[in-house]
A.B. asks: 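Structure incoming, see below.
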2 protein chains.
Amino acid sequence: MKIVDYRVTPIAFSDPPLRATMGLHAPYALRTIVEITSDDGITGVSETHGGAAVVDDLRAVGDLVIGRDPLQLAALEAAIWPSGARWRSDLGAALWEGKLQSPPRTFGAIEVACLDMAGKALGRPVCDLLGGQVRDRVDFSAYLFYKHAGAGGRFGFQNDPGAAPGWATELQHEALSAETLVEQAQAMVKHFGFKSLKLKAGVLPPEEEVRTIRLLRAAFGPDMPLLIDPNAAWTVQTSLRWAKELEGLLEYYEDPTEGKQGMAEVAKQTSIPLATNMCTVSFADLPESVRLGSVQIILGDHHFWGGLRASVELARICRTWGIGMSMHSNSHMGISLAAMTHLAAAVPNLTYACDTHYPWQSDEIIVGGKLRFEDGALAVPAGPGLGVELDSAALDRMHKQYLDSGLKFRDDEIEMQKVEPGWKYVRPRW
Amino acid sequence: MKIVDYRVTPIAFSDPPLRATMGLHAPYALRTIVEITSDDGITGVSETHGGAAVVDDLRAVGDLVIGRDPLQLAALEAAIWPSGARWRSDLGAALWEGKLQSPPRTFGAIEVACLDMAGKALGRPVCDLLGGQVRDRVDFSAYLFYKHAGAGGRFGFQNDPGAAPGWATELQHEALSAETLVEQAQAMVKHFGFKSLKLKAGVLPPEEEVRTIRLLRAAFGPDMPLLIDPNAAWTVQTSLRWAKELEGLLEYYEDPTEGKQGMAEVAKQTSIPLATNMCTVSFADLPESVRLGSVQIILGDHHFWGGLRASVELARICRTWGIGMSMHSNSHMGISLAAMTHLAAAVPNLTYACDTHYPWQSDEIIVGGKLRFEDGALAVPAGPGLGVELDSAALDRMHKQYLDSGLKFRDDEIEMQKVEPGWKYVRPRW
């Protein structure tokens, strides 16, 4: 079995005006779809980060993909790292994605497509190529955002997001206060059944965000796990000042401050476990992170850790060093969600509900429409490979949206300036 | 595909009177063969440590194996750890194997058989289930032993070991001095083409062993990598005293002294990289070992690290922390060698030639006789699964040898006392 065709297609899909410390989500989120086909007509698909630099990097390694057997992954990884591809992902250093290394992202995107192909060829779900299933259903948390009114895009909804009747209306509401955020949480829990709540913070002054956590606790009672992610918007001092208020309220405290050293300083002085998808985002980060004790939980992400097998290896590292493990997400479609779910199903020590932006996206690129959460969890998609199929009409439509959007990379600062002229992304802000 | 039959068979095969710091190899080495069969008639096989405790542990988990799909490995591993099986491997605390944890050994033995079965079912070599091949041939080193005259066993040779005409005669020579050891090395290099030499030390006084290294360097010239393994027979002071003499002569210095702390003390004061298969033998050992800087090279061994997938994960840890990687061995048959070779073929950062006792064993349990080294390397066995087939007549014969031998566990001290009454295993000895 050899890969004879390799296609990289940038897409854009409507994304609501969600706020984070970097600014505001654009009306369209960017993503990239990788498709491969074997000489015996078997296909594989994956989804990764979006934008021109990601696409360029993926296209630059096409020669390394064509002719390869989809299970020869270690050799492909070894070939990609020194391939001399123009690793453009340092473009836009202000962007969060700019800190990620391109080789693991590029390899990871191809690896998932290869495992999808191999799974289909062998008649096995992808999770069986990762050690097999340790759970049938994967828990996700409600990802709560301060947001402006609207649902993004130019054309409104293509689907009812997450096949949850009624959520499409509530998704459009503004939520720029503690009270409206609690309403958003109630709607999300009602429609998807999530059993933990994560607040994307670093947007409003810390006192308002901590007040939001207190109101969430009051609204949902003592047993609902609450998580907060200020995206390093706070100084060490601010992180510690608010940690005192948050003790006993949080399951974990995600990236309150910048860097391994800063996180370690916070960790030393609070009993709340610290989580990260910012200060430890690659294997190269681990030795220092472990040495300093920067984090107690790593939010893995196969899109930038180097694929699904690398993520299983990261999980072993977390088990070995007693670090908790969960999963980070960006705005994404169902192919990423399927891959995340296969991975999460195979990792024994996935000790917290996973993140997902999925309910915020109304578009879908897989046949059959949105995957459906039940009681806040997703069943592992049935069938060989990833268990999902690319909808080629949707791919064409979203590729046209990419071209029409004129967006080449994610820049939440520019989007924020459109609604608040002169706004600047600064970190730490408080 | 479900496993419907699971058989655990203890075997014994002739082993020469090799010396190590623990004493003397018995005339027979013990090993255990695991066989599984699926409902569609596909078989899987593996080989692991020997003796009654190992067999008891494997048999105690039979209920967890029967009915299971061979790719559902993470769930099997999770089930085995707390299974309440009577982990008897702490029996005989004086034995080196006694320090190893039984759950990863037990799981590892079953995992290899499962991967052999899955590979056969999917039409894929085992290495393709581990990330694919990064090399076609795996380098091994000549494992040199001080030894008494003879080849072990009661019946002489069944085969010419390693299918290397003439080696069978030379294998029987006594080698209890630097000079005779060099002759052994020359014979081994002549017959197998090994391109590096490891001396099992901790047997003769350090000055004689260091003299052996000097003679090997003189005999083989400056480009032959030399390795020494005193099996922790030396104190920190002795290790450092001889490190000074060995600087510039050794590729690595394996377990000169006992424990993570002792090894770290040696590591701080020598430029020779330290290797281990003693102070870091499980994932639980890694955090302290890394923190102290105890070793620069880990000699992995899928038989006690928890199987082939765990070994790939160990390799990722070694890459991440900049630790070199190679492979440890005990006396073994061709099934173990095939599994080691598949693993070594799939691990990108296997930075040194692997250990093997294989040339010292004349028996063989796989169809077609001994696997053949060429230029000190072994090609990955062709065909699906491990690429080797169990010889059922040889299994019966070696099982009878196990029963006839009367041996229930390895005890090199007792064997040594047979030739040197009153001999005691002490560590450190020098």
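Keep in mind the model is a prediction, meaning the values are calculated, not measured.
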A.B. asks: Select one option (side chain, backbone, both, neither) describing which atoms of A:V347 are under 4.5 Å from chain B's heavy atoms.
C.D. replies: neither
A.B. asks: Taking atom CG of A:D39 as the centre, does the number of heavy atoms from other residues, nucleotides or ligands within less than 6.0 Å exceed 12?
C.D. replies: yes
A.B. asks: Under 4.5 Å heavy-atom distance to chain A, tell me which part of B:R319 shows up: side chain, backbone, both or neither.
C.D. replies: side chain
A.B. asks: Side chain of A:Q72, backbone of B:D128: donor and acceptor closer than 3.5 Å?
C.D. replies: no
A.B. asks: Answer yes or no on whether A:R316 is positioned over the face of B:F283, meaning its NZ or CZ is under 6.0 Å from the six-membered ring centre and within 45° of the axis.
C.D. replies: yes
A.B. asks: Is A:A315 close to chain B through its backbone or its side chain, or both, or neither, when contacts mean heavy atoms under 4.5 Å?
C.D. replies: neither
A.B. asks: Looking only at non-hydrogen atoms, find the nearest pair between B:R309 and A:L130 and report the distance.
C.D. replies: NH2-O, 2.7 Å
A.B. asks: To the nearest 0.5 Å, how far apart are CG in B:L122 and CG in A:L122?
C.D. replies: 5.0 Å
A.B. asks: Do you know which two heavy atoms are closest between A:G132 and B:A74, and how far apart they sit?
C.D. replies: O-CB, 4.4 Å
A.B. asks: Under a 4.5 Å cut-off applied to non-hydrogen side-chain atoms, are A:I317 and B:E313 in contact?
C.D. replies: no
A.B. asks: side-chain contact (heavy atoms from CB on, under 4.5 Å) for A:D69 and B:R124? Distances and angles first, verdict last.
C.D. replies: CA-CA 11 Å; A:D69 179 288; B:R124 286 287 189 161; 2.7 Å; yes
A.B. asks: Counting only non-hydrogen atoms closer than 4.5 Å, does A:E77 touch chain B with its backbone (N, CA, C, O), its side chain (CB onward), both, or neither?
C.D. replies: side chain
A.B. asks: Measuring heavy-atom distances to chain A, does B:A346 have an atom under 4.5 Å in its side chain, in its backbone, in both, or in neither?
C.D. replies: backbone
A.B. asks: Relative to chain A, which segment of B:A310 carries a heavy atom at a distance below 4.5 Å: side chain, backbone, both, or neither?
C.D. replies: both
A.B. asks: Side chain, backbone, both or neither: which part of B:R291 has a non-hydrogen atom closer than 4.5 Å to chain A?
C.D. replies: neither
A.B. asks: Are more than 12 heavy atoms from other residues, nucleotides or ligands located less than 6.0 Å from atom CG of A:D40?
C.D. replies: yes
